[in-house]
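Just below is one structure, and these are the notes that go with it.
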Amino acid sequence: MSIDTTTGLLTTAKYLSSPHCNTRDNTPIDMIVIHGISLPPREFGTGAIEALFCGKLDHAAHPYFRTIEGLQVSAHLLISRQGLITQFVPFHQRAWHAGQSTFQGKSNCNDFSIGIELEGTDDIAYEPVQYQRLAEVVTALLQAYPAITRERIVGHSDIAPGRKTDPGPLFDWAYLDCVLATCSA
Ligand SMILES: [Zn+2]
């Protein structure tokens, strides 16, 4: 797995272009934010996350979708329950995943971070294959963007406490570190 830093794309991912992005204005990339998402909540494999990020969600299709009408969000990557990776925004572009956020005194984390969504919800454990793919992606990102360090890989809840809870208490940071060590060995 590698990253073409010219196109900002992961060579092995499926690419679906999202309109929910803009320029980073040359702000260097030095951070990764890990998220959890499911749409509708607690349902997996519906295709709704992909539709939402691409601005194509049919809000009439489910009562929950009505509650998020007008929401313009995206992430750079989504890792499905099966470990399939979809990219929505090139890494050098600014995806809209973090919202109001602060890390080490710097606000608007979207400016300088890469957003990775894991398909999931706070109270269901993530799949081992998701950790495997995440560790592979993180290893490739650390190579392509060396300003990112392990200490600068955080959860959405770390940069928007009180507002966001994802990736949730069941996200296993120690296990991610364990898989990461295997990937980079
Ligand atoms: Zn999030």
Side-chain angles (χ1 to χ4, degrees), residues 10 13 16 18-22 24 27 29-57 59 62 64-91 93-104 106-127 129-131 133-135 137-138 141 145 148 150-173 175-176:
L10 200 60
L16 295 176
S18 169
H20 303 153
C21 64
N22 60 338
R24 292 185 188 270
T27 308
I29 298 164
D30 61 6
M31 181 188 184
I32 295 172
V33 182
I34 296 172
H35 303 257
I37 187 172
S38 53
L39 260 190
R42 308 178 61 81
E43 289 184 35
F44 302 143
T46 63
I49 302 167
E50 293 88 334
L52 176 68
F53 288 174
C54 291
K56 293 175 177 169
L57 185 63
H59 292 277
H62 188 280
Y64 181 78
F65 299 166
R66 287 283 188 209
T67 70
I68 54 170
E69 242 177 313
L71 185 70
Q72 294 188 322
V73 292
S74 63
H76 292 93
L77 302 176
L78 169 68
I79 303 178
S80 77
R81 300 298 290 183
Q82 291 76 31
L84 295 174
I85 304 176
T86 306
Q87 183 159 5
F88 298 90
V89 175
F91 296 119
Q93 292 279 95
R94 182 177 176 276
W96 301 348
H97 55 97
Q100 277 193 17
S101 52
T102 306
F103 183 67
Q104 294 183 348
K106 279 177 76 179
S107 57
N108 296 315
C109 296
N110 283 339
D111 294 350
F112 50 92
S113 69
I114 288 167
I116 303 177
E117 298 274 1
L118 300 177
E119 187 180 23
T121 189
D122 281 9
D123 57 349
I124 298 174
Y126 292 95
E127 299 287 348
V129 69
Q130 293 183 292
Y131 287 97
R133 287 295 98 73
L134 177 60
V137 166
V138 165
L141 286 170
Y145 305 102
I148 302 170
R150 171 62 188 86
E151 297 69 37
R152 300 183 65 83
I153 303 173
V154 301
H156 199 185
S157 55
D158 296 317
I159 58 166
R163 191 174 71 82
K164 291 291 176 181
T165 59
D166 63 304
L170 294 182
F171 183 78
D172 193 338
W173 290 97
Y175 183 52
L176 174 63

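Indexing begins at 1, ligand by ligand and atom by atom, following the structure's order. Remember, predicted model here, so these are calculated numbers, not experimental data.
A donor atom on one side chain and an acceptor atom on the other are not found under 3.5 Å apart for Thr27 and Asp111.
The two residues His156 and His97 have their closest heavy-atom pair at CE1-O, 3.5 Å.
Taking 2.8 Å as the threshold, Asp166 counts as a candidate ligand of the Zn ion (ligand 1), since one of its N, O or S atoms lies below it.
One distance of note links CZ of Arg94 with OG of Ser74; it measures 9.5 Å at 0.5 Å rounding.
Residue His156 approaches the Zn ion (ligand 1) most closely through its N/O/S atom ND1. When the Zn ion (ligand 1) is compared with the N/O/S atoms of His35, atom ND1 turns out nearest.
A donor-acceptor contact shorter than 3.5 Å is absent between the side chain of Tyr145 and the backbone of Phe91.
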